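Structure first, commentary second.
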Amino acid sequence: INGTTNFILSEMRARGLPFAEVLAEAQRLGYAEADPTFDVEGVDAAHKLTLLASLAFGVPVQFDKAYIEGISKLESIDIAHAERLGYRLKLLGITRRRADGIELRVHPALVPADKLLANVEGPMNAVLVQGMADIQREMKLPTGFPPEVEAAAAAAAASPRLPALDRTEVPLVTIDPAESMDLDQAMYVEARGDGYRVYYAIADVAAFVRPGDPVDLEANRRGETLYGADSKVPLHPKVLSEGATSLLPDQVRPALLWTIELDSAGEITGIDVRRARVRNRSKLDYIGVQQAIDAGRADPMWAVLRRIGELRRQREEARGGVSLPLPEQEISVVDGRWVLAFRARLAVEDWNEQISLLTGMAAARLMVQAKVGLLRTLPEPEPQALQRLRITARALGIDWPAALDYPGFIRSLDPCQDHHVAMLTACTSVLRGAGYAAFNGSLPAQPMQSAIAAEYTHATAPLRRLVDRYTGEVCVALCAQ
């Protein structure tokens, strides 16, 4: 994934020339910089590999954890010996998910001469992706549910425990990617006096799944839904996650209905959550809603959502919180091939995200006040990590004034510029050490989620993440007291 090093190794093999001579030619041809260190020592390849790994595995990957070895110590005799043995030397970037984390390494490697990567010559790059089925086998991921789990899920879907409280009059809607069927949340927002009210209905998994039953035990083994490029490993069987438990349109569903009151500045003034029957009025998608907003024909509720979203972002900035506006990845399969595209996030996605964050912060507030619950925590970035980011910014040609702090720098980046997107992805490397902190009677020593700059918990996606079911149960119990 570095054209400079591939050109150098190709020319050294084809012409038997020493490294220094080919490097000079690469500089003359414009393939290498005047200072080629980033290229020939593998740093550029490691930056690219870090971005690819973050995109492929959907998690922040730390560049500073990569093993990096360049090609500057290779000699013509090394390449000649490899050729005689049926191999070619290439600078490879290799990443894969392992049981103990993400492997990330860049180094010269022997590639069999008959393989595709061995025959990528000159200043060209190539990426080889292992098939999702192979990755699933390697990681020992489940490919389906045991028969007893499917049977228990089907029985649960046929006999939900519906709550007595009827709130089907609240005109809730869902907004998700168009293809989504596992609908965890439905929303309605309204202005009230000089403040706002947020209704946020969360799918009530506990209305179908009992502690210790086959579905519950399997969900505890899985922990969360895992998403791949063209498939997923779900937390719950489809009959629940995309059927009876999902907040599908025009269906009465059991839900945890949050009611959150906000003042004119967007600060929380009241919190309540209780079990209720709800009905989703319409299954909407981000692109369609944004188009309606831009055309001036959207429901008035979206103007209220915009105002709440903007106020919540202002509160986030005032706290010193950070949001990374990374482009959305969109993967499609065309004639058996994966096609990866990127698009800038839509405004309505950001406003909707603020409602989810608001609910997680409201849930955390209830639990912190009662001194019992489960928080999602993230420590402050280490000073060394921030210093490495400043070095990355310089390498990408992005100005980061010494007086500008990390959150302010993030807000200065433009996700429509490629090198700024690279910087945003690199910024995920400082979000290290995220975890969960359970507590009962006294607060954790470190209760904060530093990126949000507040106490926070996961509470809005129980169809896809197990912990959200537990935090929901805690909050319902606290509000019932």
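What you see below is based on every heavy atom in this structure, not just the backbone, and it leaves out hydrogens, waters and symmetry mates. Being a predicted model, the structure only gives us computed values, none of them experimental.
- Atoms CD1 and CG, on Ile175 and Leu305 in that order, are 7.5 Å from each other to the nearest 0.5 Å.
- For CG of Asp64, the number of neighbouring non-hydrogen atoms (other residues, nucleotides, ligands) closer than 6.0 Å is greater than 12.
- Contact record, Ala45 with Asn2: CB-CB, 4.3 Å, taken as the closest heavy-atom pair.
- For Val173 against Asn280, the heavy-atom pair with the smallest separation is CA-OD1, 3.3 Å.
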Would you check, one step at a time, whether the test side chain to side chain donor-acceptor pair (under 3.5 Å) holds for Gln185 with Ser356?
CA-CA 9 Å; Gln185 315 105 8; Ser356 181; 5.3 Å; no

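- Cation-pi geometry between Arg390 and Phe409 is not met at under 6.0 angstrom from the ring centre and within 45 degrees of the axis.
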Can Arg210 and Asp213 be said to form a salt bridge (charged side-chain N to carboxylate O under 4.0 Å, His left out), step by step?
CA-CA 6 Å; Arg210 295 181 183 275; Asp213 74 15; over 6 Å; no

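- A distance-only check finds no donor-acceptor pair linking the side chain of Arg275 to the backbone of Pro254 [under 3.5 Å].
- Shown here for Leu366 and Ile271, the closest heavy-atom pair between the two residues is CD1-CG2, 3.8 Å.
- Between atom CG of residue Leu183 and atom CZ of residue Arg253 there is a gap of 9.5 Å, rounded to the nearest 0.5 Å.
- A distance of 9.0 Å separates CE in Met301 from CG in Leu172, rounded to the nearest 0.5 Å.
- Distance CZ/Arg105 to CD1/Ile94: 4.0 Å, rounded to 0.5 Å.
- The two residues Ala426 and Thr392 come nearest to each other via the heavy atoms CB-CG2, 4.1 Å.
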Evaluation steps, salt bridge (charged side-chain N to carboxylate O under 4.0 Å, His left out), between Lys232 and Asp182:
CA-CA 12 Å; Lys232 65 181 178 181; Asp182 49 350; 3.6 Å; yes

So Leu466 and Arg222, side-chain contact (heavy atoms from CB on, under 4.5 Å) or not? Walk me through it.
CA-CA 8 Å; Leu466 178 64; Arg222 296 183 179 220; over 6 Å; no

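- Atom CG of Asp263 sits about 9.5 Å away from atom OH of Tyr196, to the nearest 0.5 Å.
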Quick one: side chains of residues 367-384, donor-acceptor pairs under 3.5 Å with protein atoms, not counting sequence neighbours, listed by atom name and distance.
residue, atom, partner, partner atom, Å
Thr377, OG1, Gly435, O, 3.4

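- Gln290 and Asp294 share a donor-acceptor pair across their side chains, judged by distance under 3.5 Å alone.
- The salt bridge (charged side-chain N to carboxylate O under 4.0 Å, His left out) test with Glu353 is passed by exactly one of Arg313, Arg345, Arg312: Arg345.
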Show your reasoning for whether salt bridge (charged side-chain N to carboxylate O under 4.0 Å, His left out) applies to Lys238 and Glu150.
CA-CA 9 Å; Lys238 196 171 183 177; Glu150 289 282 8; over 6 Å; no

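- Atom CD of Glu242 sits about 12.5 Å away from atom NE2 of His236, to the nearest 0.5 Å.
- Using cut-offs of 30° and 60° for the angle between ring planes, the His47 and Phe38 rings count as tilted.
- Listed for the Asp468 side chain is a donor-acceptor partner under 3.5 Å among the backbone atoms of Ala461.
- The environment of Arg465 atom CZ is dense: over 12 non-hydrogen atoms of other residues, nucleotides or ligands sit within 6.0 angstrom.
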Evaluate side-chain contact (heavy atoms from CB on, under 4.5 Å) for Gln354 paired with Leu358, printing each intermediate quantity in order.
CA-CA 6 Å; Gln354 288 298 322; Leu358 169 70; over 6 Å; no

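- One N or O on the side chain of Arg277 and one on the backbone of Pro163 form a donor-acceptor pair closer than 3.5 Å.
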With side-chain contact (heavy atoms from CB on, under 4.5 Å) as the criterion, how do Tyr199 and Glu190 come out once you've worked through the C-alpha distance, each side chain's angles and the decisive distance to 0.1 Å?
CA-CA 9 Å; Tyr199 292 104; Glu190 61 183 2; 3.9 Å; yes

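- Summarising the geometry of Glu349 relative to Leu346, their closest heavy-atom pair is OE1-N, 2.7 Å, with the distance given to 0.1 Å.
- Of all heavy-atom pairs spanning Cys427 and Ile410, the tightest one is SG-CD1, 3.3 Å.
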